[in-house]
Amino acid sequence: MKITGAAKLAGVVGWPVAHSRSPVLHGYWLEQYGIDGAYVPLAIDPINLRRALQTMPMLGFAGCNLTIPHKEEGLRAVDDYDASAKRAGGVNTVVVLPNGHLMGSSTDGFGFLAALRAQLTGFNAANGPAVVLGAGGAARAIVAALLDEGATEVRLVNRTPERASKLAKELGGEVRGIKWEDRNQALTGAALLVNATSLGMEGQPALELSLEALPTDAIVNDIVYVPLETNLLAAARARGNPCVDGLGMLLHQARPGFEAWFGVKPEVTQGLRDAVLGTLTKP
Ligand code: ATR
């Protein structure tokens, strides 16, 4: 769709930003809903983040997404942030309020839960122990979302144990740090397994994990989406575990921002998945 002089504006702020799939994702929705709007990539050097964000209201932007490496610094670059950003330890969505103030939130936890619920009816975080591999930004948002949804036990497995214990301390609740060497046994009796590390991603080392101790009805979710079918998901699927791929979280985390900027509640459809997948297979 062609834009007019009245087009609503939003974008994604990253450094670099060329890898971001968000322009394709939001561009697909703008087209699908016939909205007079544009969503553009904004390459902003970290030293300029605050200044760049503060000019958004002047430029008429409705808001933006923040991606690597800006999420954490985003907490300091906005005027205010909500409980989701505080819990996740970062901002991925910025909305310009009517008074011109920048409000930050994190929709990563929302995206994680929505992706699970979209692919599996009846997901309940309180169903049993969850094992989360990783203690970076993504893991933090996921663990926080699980705790907020009533998870009674989260086993947090990370290569660097200090990072896991720091996260456990900050989030409170029933989070237990587990050594990376003990990851196979940690799967015993689990209802959910999430890989929130970069292992298994194209160009990264493989995730070495034996699923032997994992109950076959446990849900397995990999946040890695390149490749879409990771070795973890393939192994889990082969033994009958219900699986959720990493594309779901990427697509669902985009929904609240789009609605706030463009005024339409967007849907995650097969068409959208295909459009974004098409960009993942290209170099
Ligand atoms: P993000 O913010 O996207 O989650 P990150 O903060 O770089 O990214 O976190 C990456 C996660 O993958 C971390 O949990 C990291 O473990 P460390 O905390 O020990 O660094 C994990 N990871 C990356 N490479 C790994 C490897 N070779 N073996 C085990 N874990 C690894």
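All ligand and atom numbering here is 1-based and tracks the order in the structure. Position 1 is the first residue of the sequence; numbering continues from there.
Between His26 and Phe258, the distance from one ring center to the other falls under 6.0 angstrom.
Geometrically, ligand 1 and Pro205 share no nitrogen or oxygen pair separated by less than 3.5 Å. At a 3.5 angstrom cut-off on N or O pairs, Ala135 counts as close to ligand 1. Between Gly137 and ligand 1, at least one pair of N/O atoms sits closer than 3.5 Å. By the 3.5 Å distance cut-off applied to N or O atoms, Arg163 is counted among the residues near ligand 1.
Scanning the protein for heavy atoms near atom 11 (C) of ligand 1, the closest one is Thr197 CA, 3.9 Å. The shortest contact between atom 31 (C) of ligand 1 and any protein heavy atom is with Arg159 CZ, 3.8 Å. For atom 23 (C) of ligand 1, the nearest non-hydrogen atom of the protein is Ser198 OG, 3.4 Å. Closest protein heavy atom to atom 14 (O) of ligand 1: Asn158 OD1, 2.7 Å. Looking only at protein heavy atoms, the nearest one to atom 19 (O) of ligand 1 is Thr160 OG1, 2.4 Å.
Atom numbering of ligand 1 starts at 1 in the shown order; those under 4.0 Å from a heavy atom of Trp180 are 29 (C). Interface atoms of ligand 1 facing Gly134, defined by a heavy-atom separation under 4.0 Å, are 14 (O).
Both Leu214 and Leu207 sit in one connected hydrophobic cluster of ILVMFWY residues. Membership requires side-chain heavy atoms under 4.5 Å apart, directly or through other members.
Proximity of Leu199 to ligand 1, defined as any heavy-atom pair under 4.0 Å, is confined to the side chain (atoms from C-beta onward).
Protein non-hydrogen atoms do not reach within 4.0 Å of atom 8 (O) of ligand 1.
Within the model, atoms CD1 of Ile223 and CG of Leu247 stand 12.5 Å from one another, a figure rounded to the nearest 0.5 Å.
Using a 4.0 Å cut-off between a side-chain N of Lys or Arg and a carboxylate O of Asp or Glu, Glu267 and Lys265 do not qualify as a salt bridge.
Between the side chains of Asn65 and Ser22, not a single donor N or O lies within less than 3.5 Å of an accepting N or O. At a cut-off of 3.5 Å, with distance as the only test, a side-chain donor of Thr4 or Asp36 sits close to an acceptor on the other residue.
Each of Thr93, Val78, Leu53, Leu75 was checked for a side chain to side chain contact (heavy atoms under 4.5 Å, CB included) with Leu66, and the lone residue meeting it is Leu53. In summary, of the residues considered (Lys71, Arg76, His70), a side chain to side chain donor-acceptor pair (under 3.5 Å) with Glu73 occurs for Arg76 alone.
Within a 6.0 Å radius of CD in Glu181, other residues, nucleotides and ligands contribute more than 12 heavy atoms.
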